[in-house]
Colleague: 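Structure incoming, see below.
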There are 2 protein chains.
Amino acid sequence: MNDVKYSIGQLAKESGCKVETVHYYEKIGLMPEPPRTEGGHRVFAFSHVKRLNFIRRSRELGFKIEQIKDLLKFIDEPNHYCGEVRAMAMLQARAVQEKIDDLQRLKVALNEMVLKCKDSNNSIDDCPIVDALFTKQVAEQI
Amino acid sequence: MNDVKYSIGQLAKESGCKVETVHYYEKIGLMPEPPRTEGGHRVFAFSHVKRLNFIRRSRELGFKIEQIKDLLKFIDEPNHYCGEVRAMAMLQARAVQEKIDDLQRLKVALNEMVLKCKDSNNSIDDCPIVDALFTKQVAEQI
DNA sequence: TATAGAACCTGTAGTAACTATAGGTTCAAG
DNA sequence: CTTGAACCTATAGTTACTACAGGTTCTATA
């Protein structure tokens, strides 16, 4: 039977979150309010472990909390199709690609600045990096 | 002479920030407190435009506020060398590369999930993406 | 069974880097 | 001289947590 019970600490460990994060997810409605012991301690089931894993992994993939709420809605409510999830994943992949492109441009700019700055014993007044940062449209020089 | 004066709105426009951002930078000590008019409006000089441009561009390159404070310290205080700035830029470039690598892994994971999910009319119960997110160590499958 | 201390509880404040709002004052153009 | 744009301050909101304080419950050992 799958009626193993988990304390919040075990749940957290099991899914790689911190206890405070579980509290937080409960507060914002990502995780349901679990049953409690007499004394008020939360008692979780394996389904909670699965759900929290889903959330954590989605976060790792760069989904925002609001997006994860949408994903969980698909899962919680019946009558949804794989296509909706697929579409979200594709959108996410595109957003990630854009971030990568931005960072690539960044890196090139930084490396160029470093290359220009050959004589690192220069006084700060002659530093090409400082210079580059003071001039307009660094980003567009790239 | 370079004694052109700028209102906060002009300063903001000139350097691509919002007025509130200038207020904020002043509050946290990135920008100095400028002189004021009788009525209390801030009056900026060209040096402020340059400084704010430096800050904005550094932010665009992914430097954190605290790092920019360090960079500005180099510039504000005498007896600093180009090498210190160069070292920070190199560190920054490396950090950016790491972020790029992370995102690449992300993108691959997302794309693989999308590819596996061929039949988007499937019910959500059979969605390989949802499946992948529920299983452990998605990130390590990549 | 008594007790120590680990783990839990709630609620609030802090983080980064702004953005937005409210409610009031000053400036500049016509 | 009036109008309305731009400015002022102060506070709250944003995102996704993290960290604390001050108290309670659970559990393992003596």
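Each chain gets a letter, A, B and so on, in the order the sequences are listed, and its residues count up from 1.
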Colleague: Between Lys27(B) and dA17(C), is there a side-chain N or O to OP1/OP2 distance below 4.0 Å?
Modeller: no
Colleague: Quick test of your reading of the model: are Lys99(A) and Asp102(B) salt-bridged, counting only N-O distances below 4.0 Å?
Modeller: no
Colleague: Would you mind reading off the distance between Arg56(B) atom CZ and dC18(C) atom C1', rounded to a whole angstrom?
Modeller: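 After rounding, the gap between these two atoms is 15 Å.
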Colleague: I need the minimum non-hydrogen distance between Leu110(B) and Ala89(A), along with the two atoms involved.
Modeller: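 Closest approach of Leu110(B) to Ala89(A), heavy atoms only: CD2-O, 4.2 Å.
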Colleague: Check the distance between dC18(C)'s C1' and Glu26(B)'s CD and give it to me in whole angstrom.
Modeller: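 Distance, rounded to whole Å: 15 Å.
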Colleague: Do any of residues 89-97 of chain A sit with a heavy atom less than 4.0 Å from DNA chain D, and if so which?
Modeller: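 Contacts with DNA chain D under 4.0 Å: none.
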Colleague: So which atom in Lys69(A) and which in Ile28(A) form the shortest heavy-atom distance, rounded to 0.1 Å?
Modeller: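 What the structure gives for the nearest pair is NZ-O, 3.2 Å.
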Colleague: Going by an N to O cut-off under 4.0 Å, is there a salt bridge joining Glu60(B) and Arg56(B)?
Modeller: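 Counted as a salt bridge, because a side-chain N and a carboxylate O are separated by less than 4.0 Å.
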Colleague: To the nearest Å, how far apart are Gln10(B) CD and dA28(C) P?
Modeller: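 Spelled out: CD on Gln10(B) to P on dA28(C) is 10 Å.
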Colleague: Counting side-chain heavy atoms from C-beta on, which of dC8(C), dT26(C), dA17(C) comes nearest to Lys64(B)?
Modeller: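 In terms of side-chain proximity for Lys64(B), the closest of dC8(C), dT26(C), dA17(C) is dA17(C).
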Colleague: Assess the residue pair Phe74(B) and Leu71(B) against the criterion (side-chain contact (heavy atoms from CB on, under 4.5 Å)); give the C-alpha distance rounded to whole Å, side-chain angles, the decisive distance to 0.1 Å, and a yes or no.
Modeller: CA-CA 5 Å; Phe74(B) 294 155; Leu71(B) 286 170; 4.3 Å; yes
Colleague: Only one of Gln97(A), Gln104(A), Arg105(A) forms a side chain to side chain donor-acceptor pair (under 3.5 Å) with Asp101(A), so which one is it?
Modeller: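 Option passing the side chain to side chain donor-acceptor pair (under 3.5 Å) with Asp101(A): Gln97(A).
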Colleague: At under 4.0 Å, does any side-chain N or O of Thr37(B) touch on OP1 or OP2 of dC27(C)?
Modeller: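 Answer yes for this pair, as a side-chain N or O of Thr37(B) is under 4.0 Å from OP1 or OP2.
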Colleague: Are OP1 or OP2 of dA16(C) and a side-chain N or O of Tyr24(B) less than 4.0 angstrom apart?
Modeller: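 Result: no.
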Colleague: Tell me what Ile8(A) touches on the nucleic acid: a base, only sugar-phosphate, or nothing, going by heavy atoms under 4.0 Å.
Modeller: sugar-phosphate
Colleague: So which heavy atom on Glu26(B) is nearest to which on Pro34(B), and how close?
Modeller: OE1-CD, 3.6 Å
Colleague: Relative to the 5' end of DNA chain D, which residue comes earlier, Arg59(A) or Phe44(B), by the nucleotide with the nearest heavy atom?
Modeller: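 Going by which nucleotide is closer to the 5' end, it is Phe44(B).
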Colleague: Do any side-chain nitrogens or oxygens of Arg42(A) fall under 4.0 Å of OP1 or OP2 in dC9(C)?
Modeller: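 Yes, such a contact exists.
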Colleague: For a side-chain contact (heavy atoms from CB on, under 4.5 Å) check, start with the C-alpha distance between Leu52(B) and Phe44(B), then their side-chain angles and the critical distance, and finish with the verdict.
Modeller: CA-CA 11 Å; Leu52(B) 189 53; Phe44(B) 296 95; over 6 Å; no
Colleague: So if I take every side-chain heavy atom of Ile65(B) and compare against dC18(C), dC9(C), dC27(C), which nucleotide ends up nearest?
Modeller: dC18(C)
Colleague: Of all nucleotides in DNA chain D with an atom under 4.0 Å from a non-hydrogen atom of chain B, which is the first and which the last going 5' to 3'?
Modeller: dC7(D) to dT9(D)
Colleague: Please report the distance, rounded to the nearest Å, between CD in Gln67(B) and C1' in dA16(C).
Modeller: 13 Å
Colleague: What are the two closest non-hydrogen atoms of Val96(A) and Leu103(B), and how far apart are they?
Modeller: CG1-O, 3.4 Å
